Amino acid sequence: MENQTNKTIYWSLLTHKDWNLYIAATSKGLCYVGSPNQPVAELISWVGNRFPGSSVVEEATFLQPYAKELIEYFQGERTNFTIQFDFQGTVFQMAVWSALCDIPYGETQSYSDIAHAIQKPASVRAVGAAIGANPILITIPCHRVIGKNGALTGYRGGLDMKVKLLQLERGE
């Protein structure tokens, strides 16, 4: 894992219709999309744990390109993201997050499907843990992962957000 200390983390509150969530980026790209309607403390805690010693600067202008693509997604105008990302994880987490990006817009896969996609079929629980550690909600589409039986399962942003994102992608 790359050293993530002493970076500048720029953040802003993205507000669009009933969406209110914090986003953050470094000079390399988007590094965080928060849960809806959470206090800025969620972001500050995450930055402190993930980027110790880094400075945190509120800067809406810097976040504008990221906010623009997220708003286009919320409006049903965007099905994939072209923005840059800056996220680090273990080799396993990175493989899981990459597999999430292969799930087509409007479709879902199971945790087992993801485990098979990364050639670790016995690692379903570890896949779940890696998905839960995804720092960039929506853009790394962990909301598209459901239980093998089709049931909606946990989501860092809450099940209401997961349902809302899946409905958005299905055009409901």
Side-chain angles (χ1 to χ4, degrees), residues 1-2 4 7 9-14 16 19-36 38 42-43 45-47 49-51 63-120 123-147 152-170:
M1 211 182 316
E2 180 183 311
Q4 295 292 304
K7 287 189 173 196
I9 312 296
Y10 303 96
W11 68 272
S12 180
L13 176 63
L14 182 145
H16 177 73
W19 291 98
N20 293 294
L21 43 89
Y22 288 97
I23 60 174
T26 68
S27 61
K28 293 181 180 179
L30 188 69
C31 64
Y32 180 82
V33 174
S35 304
Q38 293 299 307
E42 179 190 57
L43 166 68
S45 174
W46 180 82
V47 169
N49 289 329
R50 193 71 186 154
F51 297 94
L63 275 292
Q64 189 55 39
Y66 308 104
K68 178 181 183 291
E69 287 202 12
L70 282 161
I71 289 168
E72 290 169 353
Y73 170 85
F74 293 142
Q75 293 173 334
E77 299 168 359
R78 175 173 292 280
T79 60
N80 60 25
F81 294 91
T82 61
I83 51 180
Q84 294 294 311
F85 299 107
D86 182 10
F87 61 101
Q88 301 294 319
T90 65
V91 170
F92 184 83
Q93 287 172 328
M94 297 297 280
V96 169
W97 299 338
S98 178
L100 297 177
C101 292
D102 292 336
I103 304 171
Y105 179 90
E107 296 183 20
T108 58
Q109 291 185 5
S110 70
Y111 293 89
S112 180
D113 292 334
I114 300 300
H116 279 82
I118 64 167
Q119 301 178 352
K120 303 274 187 191
S123 300
V124 175
R125 286 182 186 253
V127 164
I131 289 171
N134 173 17
I136 313 175
L137 297 180
I138 305 166
T139 55
I140 306 297
C142 53
H143 61 278
R144 297 179 188 154
V145 180
I146 60 173
L152 295 183
T153 54
Y155 184 64
R156 178 170 61 92
L159 286 181
D160 287 344
M161 180 182 183
K162 186 171 190 164
V163 167
K164 197 172 178 180
L165 292 171
L166 292 172
Q167 288 173 337
L168 170 75
E169 291 188 9
R170 290 191 299 249

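Since we're looking at a predicted model, the values are computed, not measured. Hydrogens, waters and symmetry mates play no part in the numbers below; they use all other heavy atoms, side chains included.
Within 6.0 Å of the CD atom in Q119, the count of heavy atoms belonging to other residues, nucleotides or ligands does not exceed 12. The number of heavy atoms from other shown groups lying within 6.0 Å of NZ (K120) does not exceed 12.
With 3.5 Å as the limit, one finds no donor-acceptor pair spanning the side chains of Y66 and T139.
Nearest heavy atom pair, residue E69 against residue F81, reads OE1-CA, 3.4 Å. In this structure, L21 and W19 approach most closely via the heavy-atom pair CD2-CE3, 3.9 Å. Between A115 and S123 the shortest heavy-atom distance is CB-C, 4.4 Å. Closest approach of S35 and G157 over heavy atoms only: OG-CA, 3.6 Å. In plain terms, the two heavy atoms of Y111 and G154 that are nearest each other are OH-O, 3.8 Å. The two residues I83 and P65 make their nearest non-hydrogen contact at CG2-O, 3.9 Å.
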Point to revise | Chi angles and distances behind the side-chain contact (heavy atoms from CB on, under 4.5 Å) call for Y32, E42 | key: CA-CA 11 Å; Y32 180 82; E42 179 190 57; 3.0 Å; yes
Practice item. Take W97 and I136 through the side-chain contact (heavy atoms from CB on, under 4.5 Å) test and state the conclusion after the steps. Key: CA-CA 10 Å; W97 299 338; I136 313 175; over 6 Å; no
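For the side-chain contact (heavy atoms from CB on, under 4.5 Å) criterion with Y22, the lone passing option out of V33, L63, L13 is L13.
Among residue pairs with one or both ends in residues 101-110, those qualifying as side chain to side chain donor-acceptor pair (under 3.5 Å) are S110-D113; sequence neighbours excluded.
For the pair K7 (side chain) and S27 (backbone), a donor-acceptor distance under 3.5 Å is absent.
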